[in-house]
Amino acid sequence: IKNVDNLSFEGKKALVRVDFNVPLDKDLNVTDDTRIQAALPTINKILNDGGSVILMSHLGRPKSGPEDKFSLKHIVVELEKALDRKVKFAPDCIGREAEMLSEGLKSGEVLLLENLRFHKEEEKGDVDFAKKLSKLGDIYVNDAFGTAHRAHASTAVIAEFFKEKVCGYLMLSELKNADKVLDNVERPYIAIMGGAKIADKIMIIEQLLNKVDTLIIGGGMSYTFAKAQGGTIGDSLLEADKLDFVLELMETAKAKGVNLILPVDTVISKAFANDAEQALANKGEIPDGWMGLDIGPKTAELFAAEIMKSKTILWNGPMGVFEMSSFDKGTKAVAEAVVAATKAGAFSLIGGGDSAAAVNKFGFGEDVSFVSTGGGALLEHMEGKVLPGVAALEP
Ligand code: 3PG
């Protein structure tokens with residue numbers, strides 16, 4: 001597929017799909033601008049060529065029609081700061097006003113469209129809606145890696161209305177880095193999976209068992225493993241309908257020669273609160289009335305030692321409730337080990353929303369090989385699925 005470097009944007013209007021699905025606090029301020037920063041190289045390339053930019057994105061999951069808390073107007077200030085120039089805003093992504101604002105754009109100017117998902121046609125991949133959007137630009141650029149797994153109007157369907165359709169620098173770099181853990185991987189290859197739910201990660205875990213040498217399972221999902229092995233887990237997270245699945249998974253890992261490593265101890269708490277009473281428990285020995293909220297120190301050491309032996313590292317999902325300072329030590333220890341292994345020459349790819357946020361929270365964003373902006377998109381790509389947003393750019 002072609003990328004922005006293959007074209008000159010001089011005198012052109014580029015309609016750019018970005019993923020500005022960023023977190024906002026209760027006052028509707030942007031709390032993490034990673035995805036905005038990540039889109040800048042593509043936007044600046046177009047502007048420096050002498051083109052103008054029309055940005056389109058979704059924000060959140062509005063249910064039916066416009067909702068103020070999902071308005072992209074809340075990110076204009078942040079975007080203006082990042083770009084160091086004024087940004088115009090179209091209060092609807094299609095229609096006369098958006099068309100007039102786009103027609104009036106001069107070279108070097110930027111227009112941001114209102115949330116695409118205020119129209120239900122976006123998620124349906126509606127062809128007429130895609131056609132209306134396509135009127136706003138001369139060239140289609142897709143730089144929304146985080147949304148590339150969605151076959152939506154603005155990510156996939158729209159491409160057919162353009163002679164020139166290219167991917168942006170972010171998309172290009174995400175795909176290039178993901179390839180490093182997909183093809184010709186340097187071994188030992190370790191995957192570290194965490195986060196709350198096994199249900200979201202079944203496919204990726206099954207795929208990884210065909211690829212990795214070592215698979216570490218931590219975080220909320222590990223308690224279902226402990227339970228399946230006959231332990232007691234108190235009030236910890238449990239996916240009762242996945243008990244058989246995890247037993248099978250352990251068998252599969254053994255049959256395929258994958259070293260599957262589970263936590264050996266855990267930080268337990270009386271409540272899901274930073275200041276609740278805490279203690280340590282061995283794996284599968286959590287008393288009633290307590291819940292596991294982080295991996296314990298022995299586990300952190302065990303995981304770190306395995307990570308340090310590796311040449312390729314894929315990390316998805318935190319080890320505990322890292323947002324609370326009482327339960328962030330396991331995730332931090334893993335992050336530190338990933339950084340140390342990277343310094344020693346390993347390739348490390350961190351992805352999937354929470355683990356990227358954790359790495360950034362601890363200030364390690366620059367010390368790992370690549371932090372993906374993709375959550376579900378990265379996982380689907382790693383599962384070997386074709387991403388509709390990428391496929392649509394094929395000639
Ligand atoms: C994400 O944050 O993973 C992407 O922006 C996609 O959002 P979605 O899961 O609501 O489609």
Side-chain angles (χ1 to χ4, degrees), residues 13-33 35-40 42-43 46-47 51-83 85-106 109-144 146-148 150-159 161-162 168 373 389:
K13 291 185 184 8
L15 181 60
V16 187
R17 180 44 158 114
V18 286
D19 187 339
F20 284 169
N21 187 24
V22 294
L24 302 179
D25 63 17
K26 62 175 185 353
D27 299 321
L28 302 171
N29 295 313
V30 176
T31 55
D32 178 359
D33 70 346
R35 283 179 164 178
I36 295 175
Q37 294 293 336
L40 297 181
T42 295
I43 300 172
I46 298 164
L47 297 176
S52 55
V53 174
I54 299 116
L55 296 167
M56 55 178 177
S57 178
H58 72 288
L59 174 64
R61 292 176 174 171
K63 290 215 170 54
S64 53
E67 256 179 280
D68 184 66
K69 68 170 175 182
F70 294 124
S71 173
L72 277 164
K73 71 175 184 232
H74 302 305
I75 73 148
V76 168
V77 174
E78 208 62 39
L79 184 59
E80 287 184 333
K81 234 192 299 170
L83 280 169
R85 69 179 79 206
K86 278 265 158 239
V87 171
K88 297 184 175 173
F89 184 71
D92 191 355
C93 61
I94 51 167
R96 200 59 213 130
E97 189 170 356
E99 283 168 24
M100 275 165 56
L101 281 164
S102 161
E103 275 159 28
L105 271 196
K106 296 191 208 59
E109 289 188 330
V110 180
L111 169 68
L112 173 67
L113 305 178
E114 181 56 288
N115 195 339
L116 294 156
R117 290 190 185 170
F118 285 173
H119 293 265
K120 60 181 185 324
E121 291 83 356
E122 160 66 357
E123 287 175 80
K124 287 192 176 137
D126 184 88
V127 177
D128 288 335
F129 177 71
K131 194 171 180 185
K132 282 181 198 158
L133 284 172
S134 73
K135 285 190 191 164
L136 301 173
D138 310 313
I139 298 173
Y140 172 65
V141 180
N142 192 347
D143 211 17
T147 326
R150 306 288 183 216
H152 293 172
S154 69
T155 58
V157 182
I158 194 169
F161 297 107
F162 287 89
T373 57

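Salt-bridge annotation for K73 and D68: present, with a side-chain N of the basic residue lying under 4.0 Å from a carboxylate O of the acidic one. Of the charged side-chain nitrogens involved, none lies within less than 4.0 Å of a carboxylate oxygen, so that E121 and K131 do not count as a salt-bridged pair.
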Side chain to side chain contact (heavy atoms under 4.5 Å, CB included) between L55 and V87, intermediate numbers included = CA-CA 10 Å; L55 296 167; V87 171; 5.7 Å; no

key: E80 and V110: CA distance, side-chain angles, deciding distance, side chain to side chain contact (heavy atoms under 4.5 Å, CB included) verdict   = CA-CA 9 Å; E80 287 184 333; V110 180; over 6 Å; no

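With hydrogens and angles ignored, the 3.5 Å screen pairs a side-chain donor or acceptor of D25 with a backbone N or O of N29. Looking at E109, its side chain never comes within 3.5 Å of a backbone N or O of S52 through a donor-acceptor pair. Side chain of T42 to main chain of G168: no donor-acceptor pair is present (N/O by atom type, distance under 3.5 Å, no hydrogens or angles). Under the 3.5 Å distance criterion, the side-chain polar atoms of R117 are matched with a main-chain donor or acceptor of G60. Between the side chain of E114 and the backbone N or O of L72 there is at least one donor-acceptor pair closer than 3.5 Å. A donor-acceptor contact shorter than 3.5 Å is absent between the side chain of D33 and the backbone of I36.
Taking a 6.0 Å sphere around NZ of K13, one finds it holds more than 12 heavy atoms contributed by other residues, nucleotides or ligands.
Atom-to-atom distance recorded for M56:CE and I94:CD1 is 12.0 Å, nearest 0.5 angstrom. Rounded to the nearest 0.5 Å, atoms NZ (K81) and CD (E78) are 4.0 Å apart. Between the CD atom of E67 and the CZ atom of F118 there is a distance of 7.0 Å, given to the nearest 0.5 Å. From Q37, atom CD reaches atom CG of L83 across 9.0 Å, with rounding to the nearest 0.5 Å. Annotation: the span from F89 atom CZ to L79 atom CG amounts to 11.0 Å, rounded to 0.5 Å. Atom CG in N21 sits 9.0 Å away from atom CZ in F70 (nearest 0.5 Å).
Taking 4.5 Å as the limit, every side-chain heavy atom of L136 sits out of range of all side-chain heavy atoms of L111. Side-chain contact between S154 and E122 is present, with at least one heavy-atom pair separated by less than 4.5 Å. The side-chain heavy atoms of T373 and D19, taken from C-beta on, include no pair separated by under 4.5 Å. Considering only heavy atoms from C-beta on, L113 comes within 4.5 Å of I54 through its side chain. Contact annotation: the side chain of R17 approaches that of H58 to within less than 4.5 Å [non-hydrogen atoms, C-beta and beyond].
Between I46 and V141, the shortest heavy-atom contact is CD1-CG2, 4.4 Å. Looking at every heavy atom in both residues, F20 comes nearest to R35 through CE2-O, 3.8 Å. Here the shortest heavy-atom pairing between A151 and T155 reads C-OG1, 4.0 Å. Heavy-atom minimum distance, L105 versus V53: CD1-O, 3.7 Å. Taking both residues in full, the closest heavy atoms of G137 and L15 are given as CA-CB, 4.1 Å, listed atom of the first, atom of the second, then distance. The two residues H152 and E123 make their nearest non-hydrogen contact at CD2-O, 3.4 Å.
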